[in-house]
Number of protein chains: 2
Amino acid sequence: MPEDNNAERCELMHVHQDIVDRVNQQMPEDEILFDLAELFKIFGDSTRIKILYLLFESEMCVCDIAQLLKMTQSAISHQLQVLKKSKLVKYRRDGKTVFYSLADGHVRTIIDQGMEHVAE
Amino acid sequence: MPEDNNAERCELMHVHQDIVDRVNQQMPEDEILFDLAELFKIFGDSTRIKILYLLFESEMCVCDIAQLLKMTQSAISHQLQVLKKSKLVKYRRDGKTVFYSLADGHVRTIIDQGMEHVAE
DNA sequence: TAAACACATGAACAACTATTCATATGAAAG
DNA sequence: CTTTCATATGAATAGTTGTTCATGTGTTTA
């Protein structure tokens, strides 16, 4: 006759205490892990991935990106703001047009590593 | 007096034709870029990031992960299925318990690269 | 066989997000 | 100053997603 149905335990722990200790030491702080997930979230959209790939080749203005990706200027601009907030791209203004470019070398490294996993 | 308000052009193109050609050549196929975004989407959730970090230390069963992260068994199991489908983790059964572990070395490399960007 | 345990899974709901539409800003040209 | 062009942005909407709850599956033990 079961007394409670609290499923929050599996015979104490299957792993040993030393592993739990190692985990608790090596685990980065929650805030760092949150930021890390936020970063990957930026790469988790194919429109943004395409924009970054374009910027691998050359700096570009919003309208060029929109044309190359066959999307509206508004959609691209919104995504560029997202990329800007995450410090993945930077921009410079030249008259009426704004040129965007990669902010960081890490961007390329991260995408290349992901590619290696995908292309298997 | 404006004749049309079609915003789908910016004086042909600001970039030059050679850049457009380079882009079209170097750009991977849409399907690849989609898969790449899907991969990063997996890393774009702090629960999954935490699970992967735990598995850096040791293989673990579902209940242990749930306890360490103070989350329900169901939530962890759902996320492990996501990680399994993406081939980021593998599992082995030992009696009643199922042990999960990292499937690939790329996982660690990708996360480490992301960390470098975040920890600045 | 029946009960208990570890895990998986379907449905439902809330939270988030990418795009569209309409409009605003800012710079250059007339 | 007014118009035009390039870009930015707020609101709205449709689609996606993470967690919970309830329940199902598979394994071990009594």
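First the proteins, then the strands, lettered A, B, ... as listed; each starts at 1. Basis for what follows: all heavy atoms, side chains included, without hydrogens, waters or symmetry-related copies. A quick note: this is a predicted structure, and the numbers were derived from the prediction, not measured.
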(request) Look at the side-chain N and O atoms of B:Arg48 and state whether any lies under 4.0 Å from the OP1 or OP2 oxygen of D:dG18. (result) yes

(message) Does A:Lys84 reach a base, just sugar-phosphate, or nothing at all? Heavy atoms under 4.0 Å.
(response) nothing

(request) Would you kindly give the CE-to-P distance between B:Met71 and C:dA8, to the nearest whole Å? (result) 15 Å

(message) Just the rounded figure in Å: distance from C1' of C:dA18 to CD1 of A:Ile51.
(response) 11 Å

(request) Would you please classify the geometry between the A:Phe40 ring and the B:Phe40 ring as parallel, tilted or perpendicular, with 30° and 60° separating the classes? (result) parallel

(request) Ignoring the backbone of B:Lys96, work out which of D:dT19, C:dT20, D:dT27 is nearest its side chain. (result) D:dT27

(message) I'd like to know whether A:Lys50 forms a salt bridge (charged side-chain N to carboxylate O under 4.0 Å, His left out) with B:Asp30, so could you lay out the CA-CA distance, the side-chain angles of the two residues, the decisive distance to 0.1 Å, and finally the verdict.
(response) CA-CA 9 Å; A:Lys50 286 177 189 174; B:Asp30 262 40; 3.1 Å; yes

(message) Using a 4.0 Å heavy-atom cut-off, does A:Tyr91 contact any base of the nucleic acid, only the sugar-phosphate backbone, or nothing at all?
(response) nothing

(request) Examine D:dT19: is either OP1 or OP2 under 4.0 Å from a nitrogen or oxygen in the side chain of B:Thr47? Give yes or no. (result) yes

(message) Using the side chain to side chain contact (heavy atoms under 4.5 Å, CB included) definition, which of the options A:Lys84, A:Glu59, A:Lys90 pairs with A:Tyr100?
(response) A:Lys84

(message) Of the options C:dT9, C:dT17, C:dT19, whose atoms approach the side-chain atoms of A:Lys41 most closely?
(response) C:dT17

(request) Would you kindly check whether a donor in the side chain of A:Gln73 faces an acceptor in the base of D:dA8, or vice versa, at under 3.5 angstrom? (result) yes

(message) Under the criterion of centre distance below 5.5 Å and interplanar angle below 30°, is B:His78 classified as stacked on the base of C:dT9?
(response) yes

(message) Could you tell me how far apart B:Glu59 (CD) and C:dC7 (P) are, to the nearest whole angstrom?
(response) 12 Å

(message) On DNA chain C, compare the nucleotides closest to A:Asp45 and B:Val62; which residue's is nearer the 5' end?
(response) B:Val62

(message) Does D:dA8 have its OP1 or OP2 closer than 4.0 Å to a side-chain nitrogen or oxygen of A:Tyr100?
(response) yes

(request) Of all the heavy-atom pairs spanning B:Ala37 and A:Asp45, show the shortest one and how long it is. (result) CB-C, 3.7 Å

(request) For B:Glu38 and C:dT17, give me the distance from atom CD to atom C1', rounded to whole Å. (result) 14 Å

(request) Send over the distance from B:Leu80 CG to C:dA6 C1', rounded to a whole Å. (result) 13 Å

(message) In this structure, how many angstroms lie between the P atom of C:dT17 and the CZ atom of B:Phe40, rounded?
(response) 18 Å

(request) Could you tell me whether the side chain of A:Ser74 has a donor or acceptor atom within less than 3.5 Å of a complementary atom in the base of C:dC21? (result) yes

(message) Here's a test of your reading of the structure: between A:Gln79 and A:Arg93, which maps to the more 5' nucleotide of DNA chain C?
(response) A:Gln79

(message) Could you tell me how far apart A:Leu83 (CG) and C:dA18 (P) are, to the nearest whole angstrom?
(response) 10 Å

(message) I'd like to know whether CZ of A:Phe34 has more than 12 heavy-atom contacts from other residues, nucleotides or ligands below 6.0 angstrom.
(response) no

(request) Using whole Å, report how far CD of A:Gln81 lies from P of D:dA11. (result) 16 Å

(message) Less than 4.0 angstrom between a side-chain N/O of B:Ser77 and OP1 or OP2 of C:dC7, yes or no?
(response) no

(message) Checking A:His106 against B:Gln113: is there a side-chain donor and acceptor pair closer than 3.5 Å?
(response) no

